[in-house]
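Quick notes on the structure that follows.
Lettering of chains follows the sequences in order, A, B, ..., and the numbering in each one begins at 1. On a predicted model such as this, the values are computed, not experimentally measured, just so you know.
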There are 2 protein chains.
Amino acid sequence: MLTIQQLSQELNLGVDTLRIWERRYGFPKPARDSRGHRRYPLEQVDLLRTVCRLQELGHRPNKIFALSEKERTDILEQAQQITNPELINYEALILNGSVSKIENKLRSYLSVNGLEQLITERILPIIRIMGRHWINGKLSIAREHMISDILGDILKEQLLLPHPQEPDRTIIFLTLCGERHKLGLLMSAALFHLLGINCLLIQEELPLMEVPQLALDTSSDAVALSFSSHYSSRQAKKDLATLRNELDPEIKIIAGGNAIQKPFHLPDVILCSDLGQIPEIYRKFFSGSKSSVKAAAAG
Amino acid sequence: MLTIQQLSQELNLGVDTLRIWERRYGFPKPARDSRGHRRYPLEQVDLLRTVCRLQELGHRPNKIFALSEKERTDILEQAQQITNPELINYEALILNGSVSKIENKLRSYLSVNGLEQLITERILPIIRIMGRHWINGKLSIAREHMISDILGDILKEQLLLPHPQEPDRTIIFLTLCGERHKLGLLMSAALFHLLGINCLLIQEELPLMEVPQLALDTSSDAVALSFSSHYSSRQAKKDLATLRNELDPEIKIIAGGNAIQKPFHLPDVILCSDLGQIPEIYRKFFSGSKSSVKAAAAG
DNA sequence: TTCATATTTTGTCTAGGACAATTTTCATGC
DNA sequence: GCATGAAAATTGTCCTAGACAAAATATGAA
């Protein structure tokens, strides 16, 4: 029996959303305690989880709630396409295997094929596999986190490798409060590091208002933020607009993550909906020595 | 100009709390947009920050709001006592110095004095110093996080060191959703590791309901949770009670962190209000081989 | 003093209404 | 057929104002 707030944390939904779903769709229909406060039985929590998963697949609440329970699970089953090649090994390891085995496999792949391939050929597919199995409920959040930790650790180590030559550009990578997914941020930081940029990573979630000061303190040339699909795209938009307003206009903003897919234009914000765009972004905004660009701007 | 939700995230307060403060104490008194929605000017955000800081010092809202602005800052100034010994070096480094310098100093201290002293003589004082300066606003959250990251990295490395002999007890260390402070958890994990326990660390925040399954999957003997002062003690209590209910009674629960200070008793939950208690907890609950304890229980 | 009991304070909940932003539907023109 | 734009529906977040348990503080008796 969970309170509305516990459930809200559990599902990453606002309490208002839970209440209005009950009002509009008649579900969830929690029991009430002596005070009349909602108490959600665990079975309803499970049902709600499938609702959230379907929503992440792009379905909208009115459709989802119109479906029967079976129809919902059918859609979820169907959503897991079969994977193609040798990644099937990983699939089994992700679901049941030892996490340290995954780590070893990844590390040896890294030392043979390098970081860029590790990201595109291994880490991204693994994230996709995890997402698929999280959606159909076969992968516990806990396991997902343990594996994500390993991926994160490997990427973080890459940021510590020395640069071939002293970088003259700095990008600071961070997430805002409420954004729990940091792998996308880490991957982009690792890729920018590879391109010779000095990448500062803030691992914890920052309040929006601290960001401008931090960018100044670190004399960063750009701030990179990641917004996963948990962060509503409207919220991301608001935050980016506020940040653009508060931040020194000299300092660029790079926004990435799944919440940034939409044709969603913001003035003076570099959008990065795909890690593949990073070399292009680098070329366009960060290549050439800093002083020469300044000279060009002045000339 | 922030919306109520942005402010709520910024200050770690519920939106309901912000509204009821306005109703009861007449502050904050935000402007309203065309829809009548609250819009908080940045100056009010700063004032609210001092309110939150005072609250963290143990003052209660009705007293705080009765004070003038000057009285509040006076109390905050006064709250920063002078530090004693050689730690003053650290104080300067924390406020202005290079973070990598802090890292180097800590690492060399570690290699000379070992983990236990590092924690009690360096990490805990640093956390205290940071807390003090965060309270009076001289340390940005961003800087605090960068330094916390370093402390975290050092502690995490300790968990990777091999044990002198194969451990037969496993404790899984985790935080629940909404708990952003992980250093306390890390320190306790490092100390238990030192005592010969196999410590599994989940770095990301978990939904409460995933914990029982995870404890089973990892065949842990205990689950250790940390609740910082941001987590209201009432919430911590609720969560621990729920968890105790859902979890296999064989598996112990260890609860620590600042929210666990109060004379706050829960049946079958081991409370750890202080890292110094860890050896005692170890002796009481985890020493002796597992099989012998089981035999004793059976006999 | 120390305890037990009353009072105040505090945060979280309740209900039901409103509305901007987004998405979908539908009609129109090419 | 496809694009385009207006109209309708959907959705999440905000609003007000009232209620109450848990925690903190004050009060009084032993």
Side-chain angles (χ1 to χ4, degrees), chain A residues 1-9 11-25 27 30-40 51-52 54-56 58-66 178 229-239 241 259 261-265, chain B residues 1-9 11-25 27 30-40 51-52 54-66 178 229-239 241 259 261-266:
Chain A
M1 284 297 216
L2 301 183
T3 67
I4 194 168
Q5 196 155 80
Q6 289 176 315
L7 182 61
S8 153
Q9 281 205 324
L11 299 174
N12 255 310
L13 289 174
V15 288
D16 276 320
T17 306
L18 287 167
R19 279 196 280 256
I20 210 137
W21 281 3
E22 183 181 344
R23 211 198 295 174
R24 290 201 179 129
Y25 314 112
F27 190 85
R32 301 296 178 123
D33 66 11
S34 54
R35 287 173 267 173
H37 288 193
R38 292 170 175 80
R39 290 312 212 83
Y40 295 84
V51 172
C52 292
L54 283 170
Q55 209 183 9
E56 301 223 343
H59 300 269
R60 302 188 70 193
N62 69 338
K63 307 286 176 189
I64 300 173
F65 284 109
S229 49
H230 282 154
Y231 221 85
S232 82
S233 112
R234 95 177 58 167
Q235 188 68 44
K237 208 170 179 176
K238 262 192 212 167
D239 288 343
Q261 297 295 355
K262 317 296 170 64
F264 151 147
H265 183 67
Chain B
M1 284 295 216
L2 300 184
T3 67
I4 196 169
Q5 195 155 77
Q6 288 175 318
L7 182 62
S8 154
Q9 281 205 324
L11 299 173
N12 255 311
L13 290 174
V15 288
D16 278 319
T17 306
L18 287 167
R19 280 197 279 253
I20 209 138
W21 280 3
E22 183 182 343
R23 212 198 294 177
R24 289 198 180 132
Y25 313 113
F27 191 86
R32 300 297 179 120
D33 66 11
S34 54
R35 287 173 267 174
H37 288 192
R38 292 170 175 81
R39 290 312 214 79
Y40 295 85
V51 172
C52 292
L54 283 170
Q55 207 183 11
E56 301 224 343
L57 283 176
H59 300 270
R60 302 188 70 193
N62 69 337
K63 307 285 176 190
I64 300 173
F65 284 109
S229 49
H230 281 154
Y231 220 84
S232 82
S233 109
R234 95 179 57 168
Q235 187 68 46
K237 207 171 180 175
K238 261 192 214 168
D239 288 342
Q261 297 294 354
K262 317 297 169 61
F264 150 149
H265 183 68
L266 276 163

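- Look at Asn62(B) and you'll find a side-chain N or O under 4.0 angstrom from OP1 or OP2 of dT10(C).
- In this structure, NZ of Lys237(B) is placed 13 Å from C1' of dA24(D), rounded to the nearest angstrom.
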Practice item. Start with the C-alpha gap between Ile4(B) and His37(B), add the side-chain angles, then the distance that decides, and say whether side-chain contact (heavy atoms from CB on, under 4.5 Å) holds. Key: CA-CA 8 Å; Ile4(B) 196 169; His37(B) 288 192; over 6 Å; no

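- Nearest-nucleotide positions on DNA chain D place Arg60(A) closer to the 5' end than the other of Arg60(A) and Ser34(A).
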Check your understanding: Going 5' to 3' along nucleotides 11-17 of chain C, which nucleotides have protein heavy atoms under 4.0 Å from the base (write B), which only from the sugar-phosphate (write S), and which from neither (write -)?
Key -> BBBBSBB

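- Here Met1(B) contributes atom CE and Thr3(B) contributes atom OG1; the two are 12.0 Å apart, rounded to the nearest 0.5 Å.
- Only one option out of Ile20(A), Val51(A), Asn62(A) pairs with Tyr25(A) in a side chain to side chain contact (heavy atoms under 4.5 Å, CB included); it is Asn62(A).
- Nucleotide dG12(D) holds its C1' atom 15 Å from the CG atom of Asn12(A), rounded to whole Å.
- Distance check, rounded to the nearest 0.5 Å: CG of Asp16(B) to CH2 of Trp21(B) gives 12.5 Å.
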Review point. Stepwise, does the side-chain contact (heavy atoms from CB on, under 4.5 Å) test hold for Arg39(A) with Leu2(A)?
Key: CA-CA 5 Å; Arg39(A) 290 312 212 83; Leu2(A) 301 183; over 6 Å; no

**Study point:** Trace of the side-chain contact (heavy atoms from CB on, under 4.5 Å) decision for Arg38(B) with Arg32(B)
**Key:** CA-CA 5 Å; Arg38(B) 292 170 175 81; Arg32(B) 300 297 179 120; 3.4 Å; yes

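- Residue His59(A) contributes atom NE2, which lies 16 Å from atom C1' of dT10(D) at whole-angstrom precision.
- Put simply, CD1 on Ile64(A) is 14 Å from C1' on dG12(D), counting in whole angstrom units.
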